[in-house]
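Below is one structure, written out as structure tokens; the observations come after it.
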Amino acid sequence: MQRFYITTPIYYVTDAPHVGTAYCTVNADAMARWHRLRGDETLFLTGTDEHGQKVADTAAKNNLSPQEWTDRTSARFVEAWKLLNISNDDFIRTTEERHTKSVQSFLSTIYDNGFIYKGTYVGPYCVDCEDYYTAENLLDGNCPVHGRPVIEMEEENWFFRLSAFQDRLLAHFESHPDFTTPETKRNEALSFIRSGLRDISITRTSISWGVPVPWDDRHVFYVWYDALINYLTAIGYGTEKDEMAQWWPHSHHLIGKEIIRFHSVWWPAMCMAAGIEPPHHVQVHGWLLVGGQKLSKSMGNDGPVRLGEIAPATLVDEFGVDAVRYYLLRNTALGSDGEFSIESVTARYNTDLANMLGNLVARVCAVVNTKCASVGPAPSPDSELLQFAHVTIDEVSSAWENFEPHIALEKTWTLIGAANAHLENFAPWKMEPGEAIDRVMGDALEAIRIISVLITPAMPDTADEIRRRIGLGAVTAQGDWNTLRTATYPGGLAVQKGEPLFPRIRSAA
RNA sequence: AGCGGCGUAGCUCAGGUGGUUAGAGCACACGGCUCAUAAUCGUGGUGUCGCGGGUUCGACUCCCGCCGCCGCUACCA
């Protein structure tokens, strides 16, 4: 039996869920669903990152305690993922006790191993921001946010000896060419490492909303060094329920390109320092751009882009959950940036879902109703359509395997096209009821059965609804995949047409 | 500035260790069909493969230069 452990980043609770976080989460979900379908033992983790100065500030602005604020915002993520039919097995919050413990345990191990030392951080500091800047980020020597002079500030910090891991990291990249994918992102991480690594400060004395440093109670850990460890907390790092050995060798971190450095440089080095293997794989995705720009809160609700209009809840409300999931998975190659627009969602919806998939199911069911007395016939053993379907299964399978959902769906849709062409070829609506028509419709139903399994990772509800209409039960985790090629549509089942699965959208939104 | 990437049909993008007529989807046009959600099926591309030069029998594919866009360059989720 194979195992598959996939994670999203834990989302920072200064912000509400938006299309960008939904994009990452839906992709991770589809991967998890694919692996469950294959029968792999699967663990899918997401959650929220709740420490740090910014959270404390945001809470204060809203007249709430940090804990109240994080409770509230974290719940919004839980709610959004429920709406998107996200099948996470666990939802971690960094303010949970299990996490505090594992952070302290993990970093204490690094400390004991001699990779953490006390030092002084010196740099330009803006009092208003309560934050350090690098010299090149200053505007005429002033704070880029406040435009006021910065002061040279010193702070006592605990430092992680990142510099000690440069060679080991390079060796790891060398011996694990697929550690970070796609390759362009791998190169980015590599060139960063090659340019020389400096030690990094990992604690703060200036704030208190964080995980206390066990060996020095005046410090809390800087939020990143707390956050990354969530991936280990969830599998019981350092506790009695330690499942490290089972899951960690099969770990996949799905992340946005803005946090490559943390996941592909800091994190493996920290793991090495703590005496464990680095994560197995970091899969990087690009950004969804709106009007060529990264999604961000600063777009607000009054500019040309109104974030409210593209909030996950709004989209689900307008297009339906599976259509949104399909769009996010299909429209953009994982790893590239993609342009997001309501117009393109509408186009995908009408072309791929209404015209192709929905209409295929509708026309097949309609013909079976009128020509086969609403009883679905069995397929012929070796039709051209079935042969094509089997090739498609292989292509789709390897695309999912390689973290290429857009290709998996593109290939799946060629089968839908082939099924439509199959109907045109034989024109069963012109035939008299009988053996010939049964063969044509049986082959079509068999194609639909296979399609229903192949779309399951992307559109689980639609898959089950399609199967219900042709008399089949819901897709089961392992049974349907194992028998996808060998079993066929059994025939003799009641077929019902039902309402359009994806009613066409007339006007561009 | 350094390092990296990108620039291919109206749009989104594939592709090529250099070799006959450069690909897909969408959009568009025409034809077929009328079972189906005015859906579907078939057919249709005179594109300087960013610009200039070089290597070569031959370059869109390799090399050099240039232009344009983007990413990373250390404490920013």
>> Can you see if the side chain of A/Y225 gets near the phosphate of B/A77 - specifically, an N or O under 4.0 Å from OP1 or OP2?
In response: no

>> Does anything in residues 182-201 of chain A form a salt bridge (charged side-chain N to carboxylate O under 4.0 Å, His left out)? List the pairs, not counting sequence neighbours.
In response: none

>> Could you work out, with salt bridge (Lys or Arg N to Asp or Glu O under 4.0 Å) as the rule, every residue matching A/K411, not counting sequence neighbours?
In response: none

>> Once side-chain contact (heavy atoms from CB on, under 4.5 Å) is applied, do any residues pair with A/D71, and if so which ones, sequence neighbours excluded?
In response: A/Q67, A/R93

Identify each atom pair where a protein N or O and an N or O of nucleotides 68-71 of chain B are less than 3.5 Å apart, giving names and distance.
{"residue": "B/G71", "atom": "O2'", "partner": "A/E188", "partner atom": "OE2", "Å": "3.3"}

> In chain order, what residues pass the side-chain contact (heavy atoms from CB on, under 4.5 Å) check against A/S374, with sequence neighbours excluded?
Replying inline: A/N369

> Does NZ or CZ of A/R204 come closer than 6.0 Å to the centre of the six-membered ring of A/Y222, within 45° of the ring's axis?
Replying inline: yes

When you compare the protein's N or O atoms with those of nucleotides 36-38 of chain B, which come within less than 3.5 Å of each other, and at what distance?
{"residue": "B/A36", "atom": "O3'", "partner": "A/K497", "partner atom": "NZ", "Å": "3.4"}
{"residue": "B/A36", "atom": "O2'", "partner": "A/N359", "partner atom": "OD1", "Å": "2.4"}
{"residue": "B/A36", "atom": "N1", "partner": "A/R363", "partner atom": "NH2", "Å": "3.4"}
{"residue": "B/A36", "atom": "N3", "partner": "A/N359", "partner atom": "ND2", "Å": "3.3"}
{"residue": "B/A36", "atom": "N3", "partner": "A/R363", "partner atom": "NE", "Å": "3.1"}
{"residue": "B/U37", "atom": "OP1", "partner": "A/K497", "partner atom": "NZ", "Å": "2.6"}
{"residue": "B/U37", "atom": "O2", "partner": "A/F502", "partner atom": "O", "Å": "3.2"}
{"residue": "B/U37", "atom": "O2", "partner": "A/R504", "partner atom": "N", "Å": "3.1"}
{"residue": "B/U37", "atom": "N3", "partner": "A/F502", "partner atom": "O", "Å": "2.9"}
{"residue": "B/U37", "atom": "O4", "partner": "A/G358", "partner atom": "O", "Å": "3.3"}
{"residue": "B/U37", "atom": "O4", "partner": "A/L501", "partner atom": "N", "Å": "3.3"}
{"residue": "B/U37", "atom": "O4", "partner": "A/F502", "partner atom": "N", "Å": "3.4"}

> For A/N425, which residues count as a side-chain contact (heavy atoms from CB on, under 4.5 Å) partner, sequence neighbours excluded?
Replying inline: none

> Please, what dot-bracket string fits RNA chain B when only Watson-Crick and G-U pairs with both distances under 3.5 Å count, crossing ones use [ ] and pairs to another strand use |?
Replying inline: (((((((..((((.....[...)))).(((((.......))))).....(((((..]....))))))))))))....

>> I need the CD1-P distance between A/I407 and B/A14, as an integer number of Å.
In response: 10 Å

>> Quick check, does A/Y11 stack with B/A77? I mean ring centres under 5.5 Å and planes off by under 30°.
In response: no

>> Show me the pairs that pass salt bridge (charged side-chain N to carboxylate O under 4.0 Å, His left out) and involve residues 435-449 of chain A, at least two apart or across chains.
In response: A/E435-A/R439, A/E446-A/R449

> With sequence neighbours excluded, what pairs up with A/N355 under the side-chain contact (heavy atoms from CB on, under 4.5 Å) test?
Replying inline: A/R504

>> The criterion is ring pair (Phe, Tyr, Trp, His ring centres under 6.0 Å); which residues satisfy it with A/H406, sequence neighbours excluded?
In response: none

>> Test: salt bridge (charged side-chain N to carboxylate O under 4.0 Å, His left out). Region: residues 361-374 of chain A. Which pairs qualify, not counting sequence neighbours?
In response: A/R363-A/E424

